[in-house]
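Input: a single structure, listed below in structure tokens.
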Amino acid sequence: PAPTITPAAVLTGQTVHITGDITTPVSRKIELQYKSGSKWKKVVSGTTDTNGLYDFSQKITSAKTFRVSAAKASPNAAIVTDEATQIAPTAETANLSIARNSSNGDIADVTSTLTPAVEGRSVQLQVQSGSKWNAVGAPLIEDADGKVSTTLDITGVAPFTAKSYRLVAASVDGSTAFTGATYKFT
């Protein structure tokens, strides 16, 4: 069988768990391998538990195809190779929206959905001031659907429409922090 990859949606630079089982319930030496051209190259060695289960951690920086191969353990435990599986980082996106509140023009509603969703990730709204970006309020916490929201008090902010904003999502398990596109009011 193919190994299981956790999490399923991988961010660039994130460390994932590659887990599975070699079909023979015996402890044996194994290798995590990746495909390079037409050849398989060793990433790391390990040993299964007595049930044939394994768990590797691997940092993913680019798309690669992995497999797990087990050496012959005994006359009854032949060489076994799991199905190959490709792991590719998922491109991150954020659709930032900032609009004046319909019932109170001194308040702006800020909403965004980040993809892929990373529940509990810290996300900071920033505003551009000259060549610098400054934090706006406390960090937001991404929910299970990738959504964050807050309000801005824009009383006396002039001109509100001339400011540029962006979101910066924190690193997760070694991934690269994500900076969303600039949102400028027109």
Side-chain angles (χ1 to χ4, degrees), residues 2-20 32 34-35 43-44 55-66 83-186:
T4 300
I5 311 305
T6 307
V10 180
L11 307 176
T12 300
Q14 186 173 16
T15 298
V16 299
H17 285 277
I18 302 170
T19 58
L32 176 64
Y34 75 95
K35 194 164 191 178
V43 177
V44 66
D55 183 350
F56 287 107
S57 294
Q58 181 65 36
K59 185 173 186 154
I60 305 300
T61 56
S62 62
K64 285 189 180 164
T65 300
F66 291 91
E83 283 180 43
T85 188
Q86 184 175 36
I87 305 173
T90 302
E92 291 187 80
T93 62
N95 63 344
L96 179 61
S97 172
I98 304 175
R100 287 189 186 270
N101 185 291
S102 60
S103 62
N104 181 349
D106 290 334
I107 299 290
D109 296 317
V110 180
T111 58
S112 182
T113 301
L114 291 93
T115 306
V118 181
E119 185 174 12
R121 175 169 52 171
S122 176
V123 180
Q124 181 65 61
L125 178 65
Q126 296 181 335
V127 63
Q128 189 171 24
S129 178
S131 62
K132 294 185 178 185
W133 288 91
N134 300 313
V136 177
L140 308 171
I141 302 301
E142 189 174 342
D143 72 12
D145 296 322
K147 295 181 180 183
V148 294
S149 63
T150 190
T151 57
L152 295 175
D153 180 353
I154 56 172
T155 307
V157 175
F160 175 64
T161 57
K163 295 196 178 283
S164 294
Y165 292 85
R166 70 180 185 184
L167 291 175
V168 178
S171 170
V172 177
D173 295 329
S175 70
T176 306
F178 169 71
T179 301
T182 301
Y183 181 96
K184 187 161 182 139
F185 294 98
T186 55

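Since the structure is predicted, the reported quantities are computational estimates derived from the model, not experimental observations.
- Considering every non-hydrogen atom in both V43 and F66, the closest pair reads CG2-CE2, 4.1 Å.
- Taken from CD in Q128 to NZ in K163, the straight-line distance is 10.0 Å, to the nearest 0.5 Å.
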Give the table of side-chain donor-acceptor pairs shorter than 3.5 Å for residues 86-98, with sequence neighbours excluded, one pair per line with atom names and distance.
from, atom 1, to, atom 2, distance (Å)
E92, OE1, R121, NH1, 2.7
E92, OE1, R121, NH2, 3.4
N95, OD1, T113, N, 2.7

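- Using a distance-only test at 3.5 Å, with no hydrogens or angles considered, no donor-acceptor pair links the side chain of Q124 to the main chain of L167.
- Separation of atoms CG (D145) and OG1 (T115) is listed at 10.0 Å; rounding is to 0.5 Å.
- Using a 4.5 Å heavy-atom cutoff, the side chains of L125 and Y183 are not in contact.
- By the side chain to side chain donor-acceptor pair (under 3.5 Å) test, D55 pairs with H17, sequence neighbours left out.
- Exactly one residue among I5, V16, L11, I18 makes a side chain to side chain contact (heavy atoms under 4.5 Å, CB included) with I60. That residue is V16.
- Side-chain contact between K147 and T111: absent, with no pair of heavy atoms (C-beta onward) separated by less than 4.5 Å.
- For the residue pair A9 and Q14, the shortest heavy atom distance occurs at O-OE1, 3.9 Å.
- A 4.5 Å side-chain heavy-atom check between V118 and F178 finds every atom pair outside the cut-off.
- For the atom pair E142 CD and S149 OG, the distance stands at 12.0 Å (nearest 0.5 Å).
- Here the closest non-hydrogen pair linking K184 and S164 is CD-OG, 3.5 Å.
- The backbone N or O of I141 sits nowhere less than 3.5 Å from a side-chain atom of E119 that would complete a donor-acceptor pair.
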